[in-house]
Amino acid sequence: MNFDPLARAYRWLEWLSFGRALEQRRFAYLPQCAQATRLLLLGEGDGRFLAQLLHANPQAQVEVIDASHQMLAQAKNQLPPLPANVAFHHANALSFPLPSAHYDCLVTHFFLDCFSQTDAERLIEGAAQSLRPGGLWVLSEFSTTGAGAWWKAPLVRLMYAFFRLTCGLTTQRIPRYHAALERSGLTLRAQQIAWAGLLRSELWQKNSN
């Protein structure tokens, strides 16, 4: 899986496909994220969320992990000059060593759908351990469940086919991440949906006990 070929054009491809709908999902819980002191952004992509986060909270300590060199470059271009309180890591999130109980907030926007069920569960388990008790996990994802599955499922399959051809993505379906988050000690606190449930923004919190 390599998103470098699409990095420069990704924003325009997104807007042509969904307008600002994906951007709105990313920013749905920005105020809650901006209250955190230490944040981890997994698969941040081109940096639009990062830029808005630092605009809302310039003092936040942020770490960004992405497997794409070009996506990291795009994210850095959003922040001239680069602030000292942001660290960028070019790495596979599955293998990157994360400190235990360190972050106040973890953010994954349209990221978990890049992983198989097994890898998504591994990632969620490891990342959840890096959250402090009471910490937040903010995510945005596609969903093919509920009403309208007859048109949502083919659309998502088409997107997977596109990313398989352009980026070598091998995953073919959205992992069932809710159960994995719950097993890792998180509780769903809030949810927003758009496009008849195709797009979701969710706010999870790590249990304190």
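For the single chain, residues carry numbers from 1 onward in sequence order.
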With a 3.5 Å distance limit and no angle check, can you tell me whether [X] reaches the backbone of [Y] through a side-chain donor-acceptor pair?
| X | Y | answer |
| --- | --- | --- |
| Q52 | L30 | no |
| T144 | K152 | no |
| D113 | I174 | no |
| Y10 | P5 | no |
| E44 | F49 | yes |
| K206 | A101 | no |
| Y160 | R173 | yes |
| N85 | P58 | yes |

* Asked: Given the rule in the side-chain contact (heavy atoms from CB on, under 4.5 Å) test, do W151 and L198 qualify, once you have shown the distances and angles that lead to the verdict?
  -> CA-CA 10 Å; W151 65 267; L198 176 67; 4.2 Å; yes

* To do: Check the pair Q192, Y29 against side-chain contact (heavy atoms from CB on, under 4.5 Å), reporting the backbone distance first and the verdict last.
  => CA-CA 9 Å; Q192 297 181 26; Y29 295 110; 3.4 Å; yes

* F111/D66 under side-chain contact (heavy atoms from CB on, under 4.5 Å): CA gap, chis, key distance, verdict -> CA-CA 10 Å; F111 178 68; D66 203 294; over 6 Å; no

If you compare all heavy atoms of [X] against all heavy atoms of [Y], which two are closest, and at what distance to 0.1 Å?
| X | Y | value |
| --- | --- | --- |
| T171 | S116 | OG1-N, 3.5 Å |
| A34 | N57 | O-ND2, 2.9 Å |
| S68 | F3 | OG-C, 3.9 Å |
| R25 | S140 | O-OG, 3.1 Å |
| L39 | C33 | CD2-O, 3.5 Å |
| C114 | L169 | O-CD1, 3.5 Å |

Quick check: do [X] and [Y] have side-chain heavy atoms less than 4.5 Å from each other?
| X | Y | result |
| --- | --- | --- |
| R200 | Q191 | yes |
| L188 | L181 | no |
| Q74 | R11 | no |
| R189 | Q32 | no |

Transitive ILVMFWY side-chain link [X] to [Y], under 4.5 Å:
| X | Y | value |
| --- | --- | --- |
| I193 | W195 | no |
| L123 | L186 | yes |
| W204 | Y103 | yes |
| M159 | Y177 | no |
| L106 | F115 | yes |

For residues 126-139, dump all side-chain donor-acceptor pairs below 3.5 Å to protein atoms at least two apart in sequence or in another chain.
residue	atom	partner	partner atom	Å
S130	OG	A127	O	2.6
R132	NE	H102	O	3.0
R132	NH1	D104	OD1	2.9
R132	NH2	H102	O	3.4
W137	NE1	T108	OG1	2.9

When rounded to the nearest 0.5 angstrom, what distance separates [atom1] in [X] from [atom2] in [Y]?
| X | Y | atom1 | atom2 | value |
| --- | --- | --- | --- | --- |
| R26 | R48 | CZ | CZ | 4.5 Å |
| L50 | Q78 | CG | CD | 8.0 Å |
| L40 | I65 | CG | CD1 | 5.0 Å |
| L79 | F88 | CG | CZ | 5.0 Å |
| R38 | C105 | CZ | SG | 14.0 Å |
| D46 | L72 | CG | CG | 11.0 Å |

* Does NZ or CZ of R20 fall inside the cone over W15's six-membered ring, less than 6.0 Å from its centre and within 45° of the axis? ->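 Satisfied, under 6.0 Å and within 45°.
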
* Is the ring centre of F18 less than 6.0 Å from the ring centre of F142? ->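 Ring centres of F142 and F18 closer than 6.0 Å.
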
* Contacts of H69 that satisfy side-chain contact (heavy atoms from CB on, under 4.5 Å) - sequence neighbours left out ->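 D4, H90.
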
* To do: Using distance alone, with no hydrogens and no angle criterion, decide if E121 and Q117 have a side-chain donor and acceptor under 3.5 Å apart.
  =>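 Q117 and E121 do have a side-chain donor-acceptor pair below 3.5 Å.
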
* Is it the case that S143 and T145 place a side-chain donor and acceptor less than 3.5 Å from each other? ->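 There is such a pair between these side chains.
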
* To do: Kindly determine whether T187 and Q205 satisfy side-chain contact (heavy atoms from CB on, under 4.5 Å), including the steps that lead there.
  => CA-CA 5 Å; T187 300; Q205 186 171 35; 5.6 Å; no

